[in-house]
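What follows is one structure encoded as structure tokens, with my remarks underneath.
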2 protein chains.
Amino acid sequence: MNGAESLVRTLVAGGVDVCFANPGTSEMHFVAALDRVEGMRCVLGLFEGIVTGAADGYYRMKGTPASTLLHLGPGLANGLANLHNAKKANSGIVNIVGQHAVYHIEHNAPLTSDIEGLARPMSQWVRTSPSAKTVAADGAAAIAAASGAQAQIATLILPADTAWNEADGIAKVPAPEQRANFHAPAVDTAAKLAKEGETTLLLLTGSALTEQGLALAEQIAGKTGCKVISQTYNPRMARGRGRFFVERVPYVVDSALPVLKNFKNIVLIEANDPVAFFAYPNKPSMLKAEGCNVHRMTANGENSVAALEALASAVGAKPSDVKPQKHAELVKPTGKLDHASVAAAIAAGIPENAIVIDESITTGRGFFPVTAGAAPHDWLQNMGGSIGFSTPVAVGAAVACPDRKVICMVGDGSAMYTPQSLWTQARENLDVTTIVFANRNYQILKGEFDNVGAGAMGSRALDMLTLDRPHLDWVSLAKGMGVPGVAVTTAEEFSKALADANAAQGPKLIEVLM
Amino acid sequence: MNGAESLVRTLVAGGVDVCFANPGTSEMHFVAALDRVEGMRCVLGLFEGIVTGAADGYYRMKGTPASTLLHLGPGLANGLANLHNAKKANSGIVNIVGQHAVYHIEHNAPLTSDIEGLARPMSQWVRTSPSAKTVAADGAAAIAAASGAQAQIATLILPADTAWNEADGIAKVPAPEQRANFHAPAVDTAAKLAKEGETTLLLLTGSALTEQGLALAEQIAGKTGCKVISQTYNPRMARGRGRFFVERVPYVVDSALPVLKNFKNIVLIEANDPVAFFAYPNKPSMLKAEGCNVHRMTANGENSVAALEALASAVGAKPSDVKPQKHAELVKPTGKLDHASVAAAIAAGIPENAIVIDESITTGRGFFPVTAGAAPHDWLQNMGGSIGFSTPVAVGAAVACPDRKVICMVGDGSAMYTPQSLWTQARENLDVTTIVFANRNYQILKGEFDNVGAGAMGSRALDMLTLDRPHLDWVSLAKGMGVPGVAVTTAEEFSKALADANAAQGPKLIEVLM
């Protein structure tokens, strides 16, 4: 068998059985090996940002890595923005990038570039395999790096001759590192702080935001009086009826400061010390109150549910300590589409066990409380802030969970970075409903222009922040990629479009004309 | 004035009066400065690959750099593939990338990444400006680096506080380096080789491919019997009636080897020693014959027209030495669309003084000889091999030359990498006719699969190389971005659509169903 086949067989044997791909000439032996090896599902994306974003979505829902297949430096470059988002989400990806044959690189052919240099800023693990004899073992090492407690973006660079030369066979993947439990002294300290009551904040993200983690946090809060809030953005959160609703730290600095100013103690449960998304003149970078005592209970890779169990036990919290929560009632809104009616329609329209991908930006700022009483669902957010995240992540989530409806909520500006996702959704008949909020603006930037104190906006600045002239027509764009779409202009139409999409299977697009 | 304004004023004073932009929060002060400074045209792209590709096209037609405005590391990452193509084309770009305020970087907010690390593989010049006091001078240095004889991709990273803090005023741009003329001994050697006649090849690219450079090469060939061929891909070539037609080195290795095997001497006029685009098993990387003597007459940055004048003089060539060339006759084809009829329709349909951007890949392999007798035009190609090049380059060429028709020829696979170009063409009412060749395949990869000896193709491999299931509908995609489109299925329809587009002004799309 050649190197490409040894790698594909190693991937499949190592449990990596999905490959999101946009291959070129240097990857043709890898593509050929797909025909000879059973068990690898290969999903084509027409742009590399779809490929890497899909791998992120897949990991978040499956907990194990998919592989990618990208074409040389520029192919990797096109995938970097969503690798950035995936890295910030602590997702694991076996990111395979083709390279010229080793002996060809020195001749500086048109596609030659510094692939390792490009990979490093968005990968924690980078290796160029030197020969066909090493490709399988390097692939196994990449799987190990992308798996286990501290999953990484593992970029494996594959020179073409290492794919076509003779290999020695497949390699065994080292058992993934066991997820570290937690540090008992860190829990003891957290228990002391929790007992201080309402001046202590438990700040949650990561594995703490499962149904079980949230329930434990609720018991602790009920027992001690401490508060529970999640990060502004979280890789995945269990939400809806029967789950504990937590507020998030607000995105806007002037809204976040009053929320955090009352806490003398912040206990970080996988979360980061709260930081402003951007810097603004005369506003602080760090959002906690001056003198606030920040204590880390768990870090990424630790078992926050186990730690919360230990914390509950240390403070004597029991299931009966839970304070009842009253969720917003679900109502079908009527009349014109505004932020409130859109939010209500979504809350009523999220189907049981849905996966909600949220890149709704300004339109969605109010979605969170209103959807607390929706049918149970998972809520995925953008961790790296690079827009064009949601539609590719929806592809990967749908591939990972073919029996769950994916609801992808996206602003029109964001959706235009990676519209090619729709084609892959059509080709694979993925069960994704894409909701595009068409306010025809980079609406967030109008707020940010003001936030950074840039003064009064003139016509040239305004031109950089608007998406009108011409209007984007999302129904036509979707049709162009084989996805049926509908535009809605009233709350009733929107609710009906959501109900229709829920009743059917396969990709749909709803353009919400704001 | 703040740092942003000092930079914008420095750019305008330094002749950089176009900014292709996709800004975010950290760039809002730069955007605000656009309203206060007269003379900067700011063109919005909805994806960063449009922005950087447009800057490449602008430079190729104007010969002076445009600026870009990109949002932090991921925004730069999205623009890298077309920066790669621009770098390989020796284009100059003042590539401005926003960054967090200096004091905010250490807090690792979601969008934080190693921007300099990302920039270096695709930039020859990288600098982070440390303060508002230095931004103007750093901008001036970036203009100098992106201008003159050896224009570069100059990436200037602009922390947000350097934009909003108080600056000292504008900076003066150093006079660009004069283009080096040429080395007389290199011309003397070339003259000796040219006199050897038909076993000597003059291999041309860059400034040698102007109308004047081609005419001189034709005189030298007529006098000495040496051959003249251009690189496979060239940044820009003067073509059409009245210009000297030169063949290009074929892309396919098995076609290139017989062309080059008869040459004992190759004289490089800005060109690279011919290298295979990719490595293939059991085929050479370098395409010249064994023992071939390769001599460089001029390098990028030298004046090849002046060197060709000197060479003509050294071999005693005069205008009357030109051998007459018979160009293919222009005919309006009829009947079904195939490679021959499509080529004939394009040759007849290129209007006077057009700018032709060629990313037609397999469909266009036969376009070159047939279009030799078309109306005079410039022909621009992809120098870095990263697809998604042509539609953004068309944007920049049209901004640079508002009085010339731009014909953008692109395969459907390539066009899907950067479809957002169409929206910018609509917004700016750019005079671009985009011709999408819809063969619904990555057709080139079907050939490459065979070329690399990957064996027989099975269904899973085939799935990675086809764009059917579903069909892309380019007329709908164009409509979605405000560009009128038409699909054609016969040669007559195609010719009429081209004539209609030539008779009108503004963006059009023609989908050629192959």
Side-chain angles (χ1 to χ4, degrees), chain A residues 21 23 25-26 28-29 31-32 34-35 42 44 46-47 74 77-78 80-81 84 88 100-101 104 107 109-111 113-114 117-118 120-121 160 164 275 277-279 281 285 383-386 416-417 420 426-427 448-449 452 454-455 458 460-461 463-464 469-470 472-473 476-477 479-480 482, chain B residues 21 23 25-26 28-29 31-32 34-35 42 44 46-47 74 77-78 80-81 84 88 100-101 104 107 109-111 113-114 117-118 120-121 160 164 275 277-279 281 285 383-386 416-417 420 426-427 448-449 452 454-455 458 460-461 463-464 469-470 472-473 476-477 479-480 482:
Chain A
T25 298
S26 39
M28 283 300 102
H29 281 273
V31 170
L34 296 171
D35 278 321
C42 208
L44 180 62
L46 300 188
F47 174 72
N78 282 335
L80 284 175
H84 168 86
K88 298 279 181 169
H100 285 309
H104 197 68
H107 300 303
L111 273 162
S113 67
D114 174 10
L118 286 167
R120 270 188 213 102
W164 70 56
V275 59
F277 207 89
F278 291 106
S285 287
M383 302 306 293
S386 178
M416 273 307 282
Y417 284 74
Q420 304 91 342
R427 170 174 266 207
E448 294 292 61
F449 193 93
V452 299
R460 285 194 287 264
D463 263 2
M464 295 300 102
R469 284 196 306 114
L472 291 162
D473 165 2
S476 290
L477 286 169
K479 177 168 181 276
Chain B
T25 298
S26 39
M28 283 299 102
H29 281 274
V31 170
L34 296 171
D35 277 322
C42 208
L44 179 63
L46 300 188
F47 175 72
N78 282 335
L80 284 175
H84 168 85
K88 297 278 180 170
H100 286 310
H104 197 69
H107 301 303
L111 272 163
S113 67
D114 174 9
L118 287 167
R120 269 187 214 102
W164 71 55
V275 58
F277 206 92
F278 291 107
S285 286
M383 302 305 296
S386 177
M416 274 306 283
Y417 284 73
Q420 303 90 344
R427 169 174 267 208
E448 296 291 63
F449 193 92
V452 300
R460 285 195 286 263
D463 264 2
M464 295 300 103
R469 286 196 304 114
L472 291 163
D473 165 0
S476 290
L477 287 169
K479 177 169 183 276

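Order of the sequence lines fixes the chain letters, A, B, ..., with proteins taken first and strands second; residue numbering starts at 1 for each chain.
Here the straight-line distance linking atom CE of A:M464 with atom CG of B:L44 works out to 5.0 Å at 0.5 Å rounding. Here OG of B:S386 is found 5.5 Å from CG of A:N78. Values are rounded to the nearest 0.5 Å. Atom CG in A:L46 sits 6.0 Å away from atom CG in B:L472 (nearest 0.5 Å).
Contact annotation for B:R120: neither backbone nor side-chain heavy atoms come within less than 4.5 Å of a heavy atom of chain A. If you measure heavy-atom distances from B:M383 to chain A, the contacts under 4.5 Å come from the backbone alone. Looking at A:R427, both its backbone and its side chain come within 4.5 Å of chain B, counting heavy atoms on both sides. Heavy atoms closer than 4.5 Å to chain B are found in the side chain of A:V275, but not in its backbone. In this structure, chain B has a heavy atom under 4.5 Å from the side chain of A:H100, while its backbone stays farther away. Neither the backbone nor the side chain of A:A160 comes within less than 4.5 Å of any heavy atom in chain B.
Chain B forms the most heavy-atom pairs under 4.5 Å with one residue out of A:A454, A:G385, A:A426, A:P281, and that residue is A:P281. Between chain B and the options A:L80, A:V452, A:D35, heavy-atom pairs under 4.5 Å are most frequent for A:D35. The most heavy-atom pairs under 4.5 Å with chain B, out of A:S113, A:G482, A:G458, come from A:G458. Interface summary for chain B: among A:A21, A:G384, A:C42, A:G455, the most heavy-atom pairs under 4.5 angstrom belong to A:G384. Among A:H29, A:K88, A:R460, the residue with the largest count of heavy-atom pairs under 4.5 Å with chain B is A:R460. Across A:L111, A:D463, A:L118, the residue that shares the most heavy-atom pairs under 4.5 angstrom with chain B is A:L111.
In terms of modelled atom types and a separation under 3.5 Å, the side chain of B:D114 and the main chain of A:P121 share no donor-acceptor contact.
Closest approach of B:F47 to A:F47, counting heavy atoms only: CZ-CZ, 3.4 Å. Between B:A81 and A:A77, the closest heavy-atom pair is N-CB, 4.3 Å. Nearest heavy-atom pair, B:Q420 versus A:M416, reported as atom, atom and distance to 0.1 Å: NE2-O, 2.8 Å. Here the closest non-hydrogen pair linking B:F277 and A:A109 is O-CB, 3.6 Å. Of all heavy-atom pairs spanning A:P110 and B:H84, the tightest one is O-NE2, 3.0 Å.
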Check against side-chain contact (heavy atoms from CB on, under 4.5 Å), B:L477 and A:L477: CA-CA 5 Å; B:L477 287 169; A:L477 286 169; 4.1 Å; yes
